[in-house]
Amino acid sequence: MKNLDNQLASDIVIFGALGDLSRRKLLPALYQLEVSGLIHSDSRIIGAARQEQTLDEFKALILENFNNFIKEALDLVAVERFMARLIYQKLDFKDKKSFVNLSNTLSNKNSIKVYYFSTPPSIYGDICAGLDYAKLINDVSRVVMEKPIGNCLESSILINDQVSAFFKEEQIYRIDHYLGKETVLNLLVLRFANSLFTTNWDRDSIDHVQITVAESVGIEGRWGFYDEAGQMRDMVQNHLLQILSLLAMEPPADLSATSIRAEKLKVVRALATIDRHNVKEKTVRGQYTDGFLKGISVPGYLNEEGANTRSSTETFVAIKAEIDNWRWSGVPFYLRTGKRMPQKHSEIVVHFKEQPHNIFKESYSHLPANKLTIRLQPDEGVELQMMNKIPGIASQMHIQENTLDLSFSQAYNNERVVDAYERLMLEILNGNQSLFVSRDEVEASWLWTDSIIKAWQQNNEHPKPYAAGSWGPVASISLIARDDRQWVE
Ligand code: BG6
């Protein structure tokens, strides 16, 4: 176990501690850090919420959640240590005066205060005002904000302004949990620790890139929230653009937050604008209808519980994105993401260019190009498709396409895949912002996605139906087929 005694302890306050995110992700992530001995012995975890609740009731709820959401057998000694850190604080987020109670609770003047906003963004400003009123903000406090940060550029500016009035940018940690995923981080290693990919990563070697983030789940009881957002705001504006920018950015000078965030930002800013003139040709919106998943019938989006049957919110998006810069000019990045697709399956496929001349016509009239597949989840790994000679004495050279497969579970002996929130929590405690999104990035991403959403509205572009359990509307196949290419399935 690491000795953390020479570091400062933290008081981690989770606003909205009884909510879904806190119970499913944040508290289990902190528990895992406890198991690994990565939380300072004097650190405390304060669950803040509006409801009246005793500490014992809070602890019982957290334990129940651990049993439900943590796959491995619980380490009872770590559970006991963890429970001893917990404090429950009833708090009316909109009433500044109630923050004085929190101030009494946070009596350890020397600890670093970490404020995790796991609430709707509409009350981030109130929480900041309450913290300020109770004199709970100083230069070393940190604040963590969950997505969505707004639902368009304008609202995100408003939220960022409200928080920035009290915290400096160096104190703000904007979460995109995809940046904490093992395989998303591995993109940095793959690209910048292997000279093979450092030199062949541009318009001269790469034909096009496909990024698919497919989910088999539907709306899971959050129809109202989702319907306001849709797949564009819920997944593309953040998760897909983060993957895209890590894939396409220039080599950062080092792993610092300043270097990485500056390079990612340049990519998002270089994305070619999609507006009403080209939106039809570059994007597809879809909405799932009744269908079957693994043989079981599931309702369509408009037949889900609580649905407004006239909603035209999209649950699927496909985009042909282009990056207008020297490295990527002419290389399309096809993005595709949707709910109720056949399986949970996220991957990046980098299609390299074909050989300029074929000397193996006897085996292949048309030589397949190399393909690098990065499996983000599940079955994390990296796969390279290459041509290989079939062993044998025949006078003709017989060749075939083979796969070099680096499956993480096999290579790393089925080691537990660290959850994204676990890593991000640790980075927050360590004060490292590299894996968090800067304000500029959030705003540049909104600028690009807002233009598409506006163009859909201007063109009255209704979502195209696709059956639950399928790979999206037929139009998404045409989107890529028009360029003489096809989705890898
Ligand atoms: C969230 C979205 O940010 O990411 C959800 O709001 C989505 O709609 C989820 O299901 C996907 O995350 P993961 O880690 O399961 O790929």
Side-chain angles (χ1 to χ4, degrees), residues 16 19-26 28-29 32 69-71 116-121 144-151 156 173-187 211-244 246 285-288 293 298 301 304 306-307 311 313-317 335-348 374-381 408 416-425 435-437 441-442 445-446 449 463 468 472:
D20 212 44
L21 177 75
S22 161
R23 293 187 296 116
R24 275 174 188 265
K25 293 288 183 184
L26 309 184
Q32 294 291 3
F69 301 127
I70 297 175
K71 282 188 225 129
Y116 201 116
F117 294 176
S118 178
T119 65
V144 189
M145 286 156 67
E146 266 295 331
K147 76 166 256 282
I149 299 181
N151 58 7
S156 88
Y173 293 73
R174 292 181 195 81
I175 296 239
D176 181 314
H177 78 277
Y178 269 54
L179 290 179
K181 286 186 189 273
E182 209 54 86
T183 39
V184 175
L185 285 178
N186 194 43
L187 290 175
I211 304 176
T212 298
V213 178
E215 293 180 273
S216 56
V217 292
I219 301 309
E220 296 189 299
R222 41 174 208 149
W223 204 91
F225 160 79
Y226 184 86
D227 196 57
E228 299 262 301
Q231 198 71 353
M232 188 68 165
R233 295 185 176 97
D234 189 46
M235 297 292 289
V236 178
Q237 187 271 343
N238 33 76
H239 305 323
L240 273 92
L241 287 189
Q242 285 297 323
I243 297 174
L244 171 70
L246 283 173
R285 299 180 83 202
Q287 189 185 70
Y288 63 86
L293 255 161
V298 293
Y301 181 68
E304 295 273 12
S311 166
T313 296
E314 79 284 350
T315 60
F316 172 97
V317 179
L335 317 179
R336 169 173 74 148
T337 179
K339 306 273 187 238
R340 283 291 189 224
M341 299 186 71
Q343 66 207 55
K344 185 169 178 69
H345 172 84
S346 303
E347 71 175 19
I348 300 164
I374 304 161
R375 297 192 303 264
L376 300 177
Q377 62 188 23
D379 186 22
E380 293 82 356
F408 290 180
R416 184 176 76 87
V417 177
V418 172
D419 184 73
Y421 276 98
E422 220 173 302
R423 178 184 314 280
L424 295 177
M425 279 288 187
L435 302 183
F436 298 85
V437 187
E441 280 179 89
V442 172
S445 307
W446 274 126
T449 38

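Position 1 is the first residue of the sequence, and the numbers go up from there. Whatever order the structure lists ligands and atoms in, that order sets their numbers, starting from 1.
Under the 4.0 Å criterion applied to side-chain N and carboxylate O atoms, D234 and K339 are assigned as salt-bridge partners. Here K25 does not pair with D20 in a salt bridge; the nearest charged N to carboxylate O distance is not below 4.0 Å. Between E441 and R174 there is no salt bridge, since no side-chain N of the basic residue sits under 4.0 Å from a carboxylate O of the acidic one.
Shortest contact from atom 5 (C) of ligand 1 to any protein heavy atom: R222 NH2, 3.2 Å. Taking atom 16 (O) of ligand 1 as the reference point, the nearest protein heavy-atom neighbour is Y178 OH, 2.5 Å. Protein heavy atom in closest approach to atom 11 (C) of ligand 1: E215 OE2, 3.5 Å. Here the heavy atom of the protein found nearest to atom 12 (O) of ligand 1 is H177 NE2, 3.2 Å.
Residue-ligand proximity: K181 is placed with a non-hydrogen atom under 4.0 Å from ligand 1.
In summary, the side chains of E146 and Y116 do present a donor paired with an acceptor at a separation below 3.5 Å, with no hydrogens or angles considered. Residues Q231 and Y226 have side chains that bring a donor and an acceptor to within less than 3.5 angstrom of each other. No side-chain donor from either of E314 and Y288 sits under 3.5 Å from a side-chain acceptor of the other.
Shown in contact with D234 at under 4.0 Å from a heavy atom are these atoms of ligand 1, numbered in order with element: 2 (C), 5 (C), 6 (O), 8 (O). Per-residue contacts place K147 under 4.0 angstrom from the following atoms of ligand 1 (heavy atoms of the residue considered): 1 (C), 2 (C), 3 (O), 6 (O).
If you check each of Q231, K339, K344, H239 against atom 4 (O) of ligand 1, the one with the closest non-hydrogen atom is H239.
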